[in-house]
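Okay, structure first, notes after.
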Amino acid sequence: MENNKNLRNWLNKMDLAHPIVIAGPCSAETEEQVLKIAHQLKETDATVLRAGIWKPRTRPGNFEGVGALGLKWLQKAKEETGLMTATEVANANHVDLALKHDVDILWVGARTTVSPFIVQEIADALKGTDKIVLIKNPVNPDLALWLGAVERFYACDVKNLGVIHRGFSTYEKTRYRNNPEWQIPIDLQNKFPDLPLILDPSHIAGRRDIIFELCQTALDLNYDGLMVETHFDPDKAWSDAEQQITPATLKQMTIDLRIRKQEGDAVEFKNKLNTLRTKIDVLDHQLLESLGKRMKISEDIGVLKKNNNVAILQTKRWNEILGKMILEGEENQLSEEFILKIFKAIHQESINHQKMVINE
Ligand code: PEP
Ligand code: MN
């Protein structure tokens, strides 16, 4: 897969003036709902209608999709609007039914990508197909598992491939429903620059108000497209109501987003600079998050020391840390002088945090 330059042929052939926009409801609910959304999307930049027909729900009892019946609605929406269609397939039977109903893009969901057995079953069912297959990242932050799924399809002679970044689940509640962990798709982009990368801001956000900023970050990182959950009455959607936006909001969003075109020397320079800066911003954000977590652990140690009447400063332990970090710094091409400066500052901040809890 490494040296293949044709992975993005399907996208180039579409000859779009902007990153590809896939939009539509989380779930197909009724024929009227699918058709109404499709017609509204005709007024936006979207060229592909998405709708879940079979819904993998984490807990039973939630809406699990209308099933094969909904494929007829997608077909009708395509006839009436000319939009391409996309749906999730989670086993060989889904593949069979989707192909019979001429679905254009099949995607593999996050709960499926985690299972090599099911991925293989789907890849076998799609052997040699010309259909476009998009693979969502697995629910857990594991790049190898994600790439492994892509490789299984590639080995089955499925050439029109792409991936969808939908974030990674965490046990702790964060700002996101699924943590973006931008570094993972950035690593993937570095390894496979020809593999089209699409952002699903809806499942990362789990809420409407941060969808725009997620899309902007993705475009700044040169993503190839967006897949956005869209419904004419988001609050009444049968699944994922909190994260869906209306086609009108989607339209405004694509007008407001800065989409960078790849032409001209000056523009190209600026684009590249912007992409690199966004990568730095992602790493800076991670640095601060890690430092924040480190200070919280220091505070826990502070409480422990207080309860056991132990002094804050433990010189032996500190010298051990410094020695270890100087060695690890060397492995990462970081000078001893820099490591000393940075760890002295971290140590001081740690002591301040411990003093705070000890004196409480
Ligand atoms: C979906 O796209 O509606 C969906 C279920 O997504 P994911 O597999 O990313 O959870
Ligand atoms: Mn959904």
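Sequential numbering from 1 along the given sequence is applied to the chain's residues. In each ligand, atom 1 is the first atom listed, and ligand 1 is the first ligand listed. Please read these numbers as outputs of a predicted model, since none were measured by experiment.
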#### Entry: Any donor-acceptor N/O pair, Asp220 side chain to Thr278 backbone, under 3.5 Å
no
### Task
Answer yes if the side chains of Gln243 and Arg177 hold a donor-acceptor pair under 3.5 Å, and no otherwise.
yes
### Message
Taking the basic N atoms (NZ, or NE/NH1/NH2) and the acidic carboxylate oxygens, is any pair closer than 4.0 Å for Lys55 and Asp240?
### Response
no
### Message
When you compare the side chains of Thr87 and Arg50, does any donor N or O come within less than 3.5 Å of an acceptor on the partner?
### Response
no
### Of all pairs that satisfy side-chain hydrogen bond (donor to acceptor under 3.5 Å, both in side chains), the ones with a partner from residues 327-338, not counting sequence neighbours
none
### Query
Can you list the protein N, O or S atoms less than 2.8 Å from the Mn ion (ligand 2)?
Cys26 SG, His203 NE2, Glu229 OE2, Asp240 OD2
### Query
Is Ile297 isolated, or which residues cluster with it under the ILVMFWY side-chain rule of less than 4.5 Å, directly or via members?
none
Provide, line by line, the atom pairs where ligand 1 and the protein bring an N/O atom each to a distance under 3.5 Å; else say none.
{"residue": "ligand 1", "atom": "2 (O)", "partner": "Arg50", "partner atom": "NH1", "Å": "2.8"}
{"residue": "ligand 1", "atom": "2 (O)", "partner": "Arg50", "partner atom": "NH2", "Å": "3.4"}
{"residue": "ligand 1", "atom": "2 (O)", "partner": "Lys136", "partner atom": "NZ", "Å": "2.9"}
{"residue": "ligand 1", "atom": "3 (O)", "partner": "Arg50", "partner atom": "NH2", "Å": "3.0"}
{"residue": "ligand 1", "atom": "3 (O)", "partner": "Lys55", "partner atom": "NZ", "Å": "2.8"}
{"residue": "ligand 1", "atom": "3 (O)", "partner": "His203", "partner atom": "NE2", "Å": "3.2"}
{"residue": "ligand 1", "atom": "3 (O)", "partner": "Glu229", "partner atom": "OE2", "Å": "3.2"}
{"residue": "ligand 1", "atom": "6 (O)", "partner": "Lys136", "partner atom": "NZ", "Å": "2.9"}
{"residue": "ligand 1", "atom": "8 (O)", "partner": "Ala110", "partner atom": "N", "Å": "2.9"}
{"residue": "ligand 1", "atom": "9 (O)", "partner": "Lys136", "partner atom": "NZ", "Å": "2.8"}
{"residue": "ligand 1", "atom": "9 (O)", "partner": "Arg166", "partner atom": "NE", "Å": "2.6"}
{"residue": "ligand 1", "atom": "10 (O)", "partner": "Arg111", "partner atom": "NH1", "Å": "2.8"}
{"residue": "ligand 1", "atom": "10 (O)", "partner": "Arg166", "partner atom": "NH2", "Å": "2.8"}

### Task
Kindly say whether Asp130 contributes a backbone atom to a donor-acceptor pair with the side chain of Asn160 at under 3.5 angstrom?
yes
### Message
Please confirm whether the ring centroid of His285 lies under 6.0 Å from the ring centroid of Trp182.
### Response
no
### Polar contact flag, side-chain donor to acceptor under 3.5 angstrom, His231-Glu29
yes
